[in-house]
Asker: 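The structure that follows is given in the form of structure tokens.
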Amino acid sequence: MRSQAAKLKEIMQKKREETEVQEFNTSSTRTIAIASGKGGVGKSTFTVNFAYNLRKLDKEVLIIDSDIGMANLDIMLGVQPNYDMGHLLRGECSLEDAVIEGPAGIKLLSGITGDDSFIDIQNDAMQKLIELGDQIEKNYDYLLIDLGAGAAKSIVNTILAAEELILLLTTEPTSVMDSYSLIKILANHEYHKSIKLVINQTEDEKDAQKTANRIIKTVKKYLNLDLTLIGSIAHDRKISAALRKQKPYAEIFSNRKAARDFEKVARKISGEEKEQQAKGVKSYFHKMVGFFNKHVK
């Protein structure tokens, strides 16, 4: 009599094969992972203010808070979600129930809380994820995935599945080195898309440019990957005040330099031609399930 492990392996092999062959129509929804090599560089603050400025450009934005164990976007936006993606995939709520609206119409969906949640629902996850992706594509221009810091497997897989990556770092040597380490891991996984850099918490724009130039040249020389600096964000103590008020900094301090920096980044991203025709949110979710299938194979 075959063991349960053998049966599970057979099921997941079948699902893996299905994942590899499925194709999706192109989509106008941009799927952007937002990552950092280390913590404390202001990644979630960037995500909130980037989303706020996209909303100012009349873009519909959904953020998925995927920082497992350290999710805090709900606090930063002053909202209290009742559901997360785990509830969605278990059929316990609708997308409308799970998505909560924050300031300026920013929408937030809490990611799955804990590594085991996905395993518990994986047998039914595929079709539900594709249906969820279809709904997101119909209603949003941008899906922003706020990741945890570092290079854990779940973070790397999310970056590989998303169509675009914004990598946040500061001018501090530790931040630069940790960013390089993350990029090296991506290169080892045959990552080939352009990586967009944002230098955060800058005291001097020239210093930010020098930092960007160094890592761009190093990555091109040793890893043969293209990095593009899309902007720098000035350091401002008022960001802490905005966090206490649970409002986007760029909303309540719109006349300050960092607020203008956030706006410049949003305008630059919004004005870009997509590097290739997007496969959309369904493709992103499908790839994520594929990574899980290979993990349990």
Side-chain angles (χ1 to χ4, degrees), residues 30-48 50 63-73 85 110-119 143-201 208 211-230 232-233 275 283-297:
R30 295 176 67 173
T31 304
I32 304 177
I34 301 174
S36 62
K38 70 184 294 291
V41 301
K43 175 181 51 59
S44 294
T45 296
F46 171 81
T47 300
V48 166
F50 177 46
I63 305 173
I64 295 182
D65 193 347
S66 294
D67 191 349
I68 296 173
M70 296 292 288
N72 60 3
L73 289 180
M85 191 179 288
S110 294
I112 295 173
T113 53
D115 293 332
D116 293 336
S117 298
F118 198 86
I119 295 173
L143 174 63
L144 307 181
I145 305 142
D146 187 62
L147 294 170
K153 180 180 288 292
S154 60
I155 292 172
V156 172
N157 285 345
T158 302
I159 293 172
L160 294 174
E163 291 181 11
E164 301 177 63
L165 169 63
I166 294 177
L167 181 61
L168 215 71
L169 66 156
T170 69
T171 57
E172 294 179 2
T174 53
S175 177
V176 176
M177 287 302 299
D178 288 339
S179 296
Y180 181 83
S181 296
L182 174 57
I183 296 168
K184 185 176 181 180
I185 290 171
L186 294 175
N188 290 338
H189 284 79
E190 300 182 352
Y191 188 85
H192 57 82
K193 303 166 189 172
S194 176
I195 298 171
K196 300 172 176 66
L197 294 182
V198 173
I199 313 296
N200 199 29
Q201 302 172 355
T211 298
N213 289 342
R214 282 197 299 270
I215 191 170
I216 287 170
K217 290 178 181 178
T218 302
V219 167
K220 185 64 176 178
K221 179 178 180 180
Y222 293 104
L223 304 177
N224 197 30
L225 282 174
D226 293 319
L227 276 61
T228 303
L229 178 65
I230 59 170
S232 60
I233 311 295
E275 298 167 8
S283 177
Y284 162 71
F285 284 137
H286 210 275
K287 288 176 183 176
M288 289 300 294
V289 173
F291 288 134
F292 173 77
N293 290 349
K294 291 176 181 178
H295 177 66
V296 301
K297 181 181 175 184

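All residue numbers in this chain count up from 1 along the given sequence.
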Asker: Could you tell me which non-hydrogen atom of L182 sits nearest to which non-hydrogen atom of G150, and how far apart they are?
Answerer: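 Looks like CD1-O, 3.8 Å.
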
Asker: Do M85 and I64 touch side chain to side chain, with heavy atoms closer than 4.5 Å?
Answerer: yes

Asker: Between N200 (side chain only) and V41 (backbone N and O only), is there a donor and an acceptor less than 3.5 Å apart?
Answerer: yes

Asker: Checking L197 against I230 for the side-chain contact (heavy atoms from CB on, under 4.5 Å) test, could you report, in this order, the C-alpha distance in whole Å, the side-chain angles of both residues, the deciding distance, and whether it holds?
Answerer: CA-CA 6 Å; L197 294 182; I230 59 170; 6.0 Å; no

Asker: Looking at CG of L186 and NZ of K193, how far apart are the two atoms once the value is rounded to the nearest 0.5 Å?
Answerer: 10.0 Å

Asker: Do the side chains of K220 and L225 get nearer than 4.5 Å, heavy atoms only?
Answerer: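 Contact flag for L225/K220 side chains = no.
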
Asker: Which distance, rounded to the nearest 0.5 Å, do you find between the CD1 of I216 and the CG of L229?
Answerer: 5.5 Å

Asker: Write down the atom of G39, the atom of A149, and the distance for their closest heavy-atom approach.
Answerer: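 Closest pair (atom of G39, atom of A149, distance): N-CB, 3.4 Å.
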
Asker: Is any side-chain heavy atom of I145 closer than 4.5 Å to a side-chain heavy atom of I34?
Answerer: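 Counting from C-beta outward, I145 and I34 never come under 4.5 Å.
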
Asker: Any chance you could measure I63, atom CD1, to F50, atom CZ, to the nearest 0.5 Å?
Answerer: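 If I round to the nearest 0.5 Å, the distance is 10.0 Å.
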
Asker: Enter the distance from M177:CE to K38:NZ here, rounded to the nearest 0.5 Å.
Answerer: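 It comes to 13.0 Å.
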
Asker: Taking side chain as C-beta onward, heavy atoms only, is L167 less than 4.5 Å from K196?
Answerer: no

Asker: Run the side-chain contact (heavy atoms from CB on, under 4.5 Å) check on N72 and S44 step by step: do they pass?
Answerer: CA-CA 8 Å; N72 60 3; S44 294; 3.6 Å; yes

Asker: Check step by step if side-chain contact (heavy atoms from CB on, under 4.5 Å) holds for L143 and I32.
Answerer: CA-CA 6 Å; L143 174 63; I32 304 177; over 6 Å; no

Asker: For a 4.5 angstrom cut-off between non-hydrogen side-chain atoms, does T31 reach E164?
Answerer: no

Asker: Hey, does L227 have a side-chain heavy atom less than 4.5 Å from the side chain of S194?
Answerer: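 They are not in contact (no side-chain heavy atoms under 4.5 Å apart), so the answer is no.
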
Asker: When you measure from the side chain of S175 to the backbone of T171, do you find a donor-acceptor pair of N or O atoms at a distance under 3.5 Å?
Answerer: no

Asker: To the nearest 0.5 Å, how far apart are NZ in K153 and CG in L160?
Answerer: 10.0 Å

Asker: Before giving the answer on side-chain contact (heavy atoms from CB on, under 4.5 Å), spell out for V156 and Y191 the whole-Å C-alpha distance, their side-chain angles and the decisive distance to 0.1 Å.
Answerer: CA-CA 10 Å; V156 172; Y191 188 85; over 6 Å; no

Asker: So T158 and Y284, do their side chains get closer than 4.5 Å, heavy atoms only?
Answerer: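 A side-chain contact exists here, since the closest heavy-atom pair is under 4.5 Å.
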
Asker: Give the minimum heavy-atom separation between L169 and S179, together with the two atoms involved.
Answerer: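 The answer is CB-OG, 3.4 Å.
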
Asker: Minimum heavy-atom separation for L144 and T47, please, with both atom names.
Answerer: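 Nearest pair, atom of L144 first, then T47: CD1-O, 4.3 Å.
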
Asker: Are the side chain of D146 and the backbone N or O of S66 linked by a donor-acceptor pair below 3.5 Å?
Answerer: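 A pair under 3.5 Å: no.
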
Asker: Could you grab the distance from atom CG of N188 to atom CD1 of I183, nearest 0.5 Å is fine?
Answerer: 12.0 Å

Asker: Are the side chains of I166 and F46 in contact, using a 4.5 Å heavy-atom criterion?
Answerer: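 When only atoms from C-beta onward are counted, I166 and F46 do touch, with a gap below 4.5 Å.
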
